[in-house]
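All remarks here apply to the structure that follows.
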Amino acid sequence: MRVSTAQIFNNGTQGIGKNQSSLYRLQQQLSSGRRVMTPSDDPIAASRAVVLSQSQSFNKQSIRNQQDADSKLSEVDSQLDYLGKRLISVRDNLVQAGNTHLTAEQKSYIATEIKGAFDEILAMANTQDSSGNYIFAGFLADVRPYNETKEGAVYAGDQGKHLVQASTGRQIATNVSGTEIFNFKTGNGLFHTRAGSAMPGVSVKTQSESPNVVVSVNSVDFEKQQAAITAGNSKVVLNFTNQNTITYTKADGTQGQATYTPGNVIDLADLGVKLNVSGTIEAGEKLDLNINTTNTGEGIINQGSIQSIGNYNAAINAGYKDLAIKFTETIQNGNSSLTYQIFDMKDPKKPIEITNGAQPYTQGQAISLRNLKVTPADFGISISIDGTPKGGDTFSIHSSEEKNVFGMLRDALNLLNHDKSTTQDNFGPIEFSNRLAGILQNMDQALENVNQVRASVGADMQELESLKNTAEDKVVEYASAISDLVDLDYTEAVSNMMQQTLQLQAAISAFQQTSNLSLFNR
């Protein structure tokens, strides 16, 4: 085969250029530390590296998000810790206020402390972050979330959640709304109890306070009681004109009259009250009757207990959300006994008795709430009463309602300030204890809610820590994977460079020798 001089020259220069280009590429790789300088160097590796770089960028952003979320949740947790401690302090004050030996003045000191706690908690509820945003206002971060009212404080924020992307497929809220923290279910979370009801109570006592006469409430007729109250006859004086005749003056000036036979009840039909009387009644004896009063016995109702949540939910679904227990006292042969009836208070103006008559009551027994009138149905809950109620005393059981901490604290202040009043409606010790017990029940619910919210925040912070550790591990993993794809193996590159240098030197030497060849050379 004949090869021209030009062809020999071109092949030689091309070989030198090719080796120079390869050597130049190796020099660039060694200076940059990267094997893949352009996608054309290794299209598959370059493509995979782009995907990994995007994942790495998202992972680094997730770490920044996690740090930001952890900072915000730490602030929330700190505020919740403060709130819990402050509420515990207030609860201790309320327990102290229950000491029957405290004077009204001493209770007013406790009220002052609770008012201070109210103001501090209100300020905490309106906490702002470093940017001036209210942290408990939801999305309405520029709106002051709580404003004080006569009843406590009202919420002006919303339920908005500030979500951050903490990882792929996982968003975490960095805030807690005010209602989540400060709102709770009253009573025991399902229902709450209290002394008294929409049915008026009844009290009766002798003006002479003679130890020879014992008078008590036998039974009441609610509709007649309401009519008497409406007519202004809630307080009347019963006058024994003789041992068998009783007269009393109504609000309109007309005279009422009833008869008394020893051993039988006194039926004040137009007032809706029947009375028990034992002992010797003398002519001129007078009785003070009040049919629109608070309980007069010594019964203090507890928060109740739950035997069957299923039965209770069924009762609620059937409409039994508001119930009342009313006690009746009967005296026979000088012996007193108590019975009770349970009323459905769906319509407060028309209570419906559901116990199918009076049920015997023994002091301290648990009273199961049930419907015995039509079809026996257990509501799945029961209550107990400490102390002895009197005839005419009532107690209420209501399904739990939503209340906030500020309303509860206002209730406590109203109770303590009312107790120091010198007016005739000043609470007696039993009424005070019943109302205080209700507030303490609500306090326990508020504390439980704060603890639950704090536990939820703590769980999110723990998850953020776990996600952060995982993300930091991925930083190394992504960097290593990308390095394996595009970074240079220096040992291999140096070896290749030495080889390429020798190849270039050999090509140059060969070119020099062939370029000097001539037909005239000897």
Side-chain angles (χ1 to χ4, degrees), residues 84 86-118 121 150-152 182 184-198 201 203 293-305 324-325 327 363-364 367 383-390 393-398 400-450:
R86 207 66 188 92
L87 289 178
I88 289 173
S89 176
V90 172
R91 191 186 192 287
D92 291 341
N93 288 335
L94 290 173
V95 171
Q96 181 185 2
N99 185 339
T100 57
H101 297 293
L102 292 181
T103 64
E105 183 179 9
Q106 289 171 322
K107 289 179 180 177
S108 71
Y109 299 152
I110 296 175
T112 300
E113 290 187 39
I114 293 176
K115 181 59 171 70
F118 179 100
I121 293 173
K150 291 189 300 182
E151 292 76 25
F182 297 101
F184 60 91
K185 289 289 188 179
T186 56
N188 57 22
L190 287 179
F191 61 90
H192 66 267
T193 61
R194 69 177 180 87
S197 70
S203 67
T293 185
T294 57
N295 290 356
T296 58
E298 298 180 351
I300 299 176
I301 191 169
N302 70 353
Q303 67 177 2
S305 58
I325 299 173
F327 284 89
Q363 183 176 343
I367 298 177
I383 60 94
S384 296
I385 296 173
D386 296 327
T388 305
K390 284 188 175 181
D393 284 355
T394 63
F395 299 88
S396 299
I397 302 94
H398 305 275
S400 291
E401 302 168 346
E402 192 165 278
K403 194 178 185 72
N404 69 28
V405 166
F406 304 103
M408 174 191 65
L409 293 177
R410 185 69 77 194
D411 289 344
L413 290 171
N414 290 341
L415 176 64
L416 293 170
N417 291 329
H418 186 96
D419 187 63
K420 70 181 182 180
S421 169
T422 58
T423 61
Q424 62 179 357
D425 64 343
N426 186 22
F427 293 143
I430 300 301
E431 178 71 8
F432 180 87
S433 295
N434 267 306
R435 289 175 180 263
L436 181 61
I439 294 172
L440 287 172
Q441 289 175 23
N442 289 339
M443 176 63 77
D444 291 340
Q445 285 296 115
L447 280 167
E448 177 64 20
N449 181 68
V450 170

Reported OG-to-CD1 distance for the pair Ser433 and Ile301, which is rounded to 0.5 angstrom: 14.0 Å

Heavy-atom donor-acceptor pair, Ser197 side chain to Phe395 backbone, under 3.5 Å: no

Min side-chain heavy-atom separation Gln441-Thr193 under 4.5 Å: yes

Sidechain-backbone polar pair: Asp393 side chain, Thr296 backbone, donor-acceptor under 3.5 Å: yes

Val90 versus Ala117, closest heavy-atom pair with distance: CG2-CB, 3.5 Å

Distance-only donor-acceptor check, side chains Glu113 and Tyr109, under 3.5 Å: no

Residue pair Ala446 / Val405: nearest heavy atoms and the distance that separates them: CB-CG2, 4.1 Å

Pairwise side-chain contact, Ile430 with Asn295, heavy-atom cut-off 4.5 Å (strictly under): no

Listed partners of Gln96 passing side chain to side chain contact (heavy atoms under 4.5 Å, CB included), at least two apart: Asn93, Leu102, Ile110

Straight-line distance of Arg91 CZ to Leu87 CG, nearest 0.5 Å: 11.0 Å

side-chain hydrogen bond (donor to acceptor under 3.5 Å, both in side chains) partners of Ser89, counting only residues at least two apart: Arg86

Residues in salt bridge (charged side-chain N to carboxylate O under 4.0 Å, His left out) contact with Lys403, at least two apart in sequence or another chain: Asp411

Set of ring pair (Phe, Tyr, Trp, His ring centres under 6.0 Å) partners for Phe118, sequence neighbours left out: Phe406

Point-to-point distance, once rounded to the nearest 0.5 Å, from NZ of Lys107 to CZ of Phe432: 4.0 Å

Donor-acceptor pair, side chain of Thr186 and main chain of Glu401, under 3.5 angstrom: yes

Heavy-atom side-chain contact between Ile385 and Ile325 under 4.5 Å: no

Sidechain-backbone polar pair: Asn449 side chain, Gln445 backbone, donor-acceptor under 3.5 Å: no

Nearest-0.5 Å distance that lies between atom CZ in Arg410 and atom CD1 in Ile114: 12.0 Å

Partners meeting ring pair (Phe, Tyr, Trp, His ring centres under 6.0 Å) with Phe184 (sequence neighbours left out): none

Whether Asn434 side chain and Gly299 backbone form a donor-acceptor pair below 3.5 Å: yes

Sub-4.5 Å side-chain heavy-atom contact between Arg435 and Arg194: no

Rounded distance (nearest 0.5 Å) linking atom CG of Leu190 with atom CD of Gln303: 10.5 Å

Gln363/Thr388 under side-chain hydrogen bond (donor to acceptor under 3.5 Å, both in side chains): CA gap, chis, key distance, verdict: CA-CA 6 Å; Gln363 183 176 343; Thr388 305; 2.8 Å; yes

Sequence-distant partners of Thr112, side chain to side chain contact (heavy atoms under 4.5 Å, CB included), two or more places apart: none

Value rounded to 0.5 Å, distance of CD1 in Ile383 from CD1 in Ile397: 5.5 Å

Closest contact, heavy atoms only, Leu436 versus Leu94: CD2-O, 3.6 Å

Contact check, side chains of Lys115 and Leu409, non-hydrogen atoms, under 4.5 Å: no

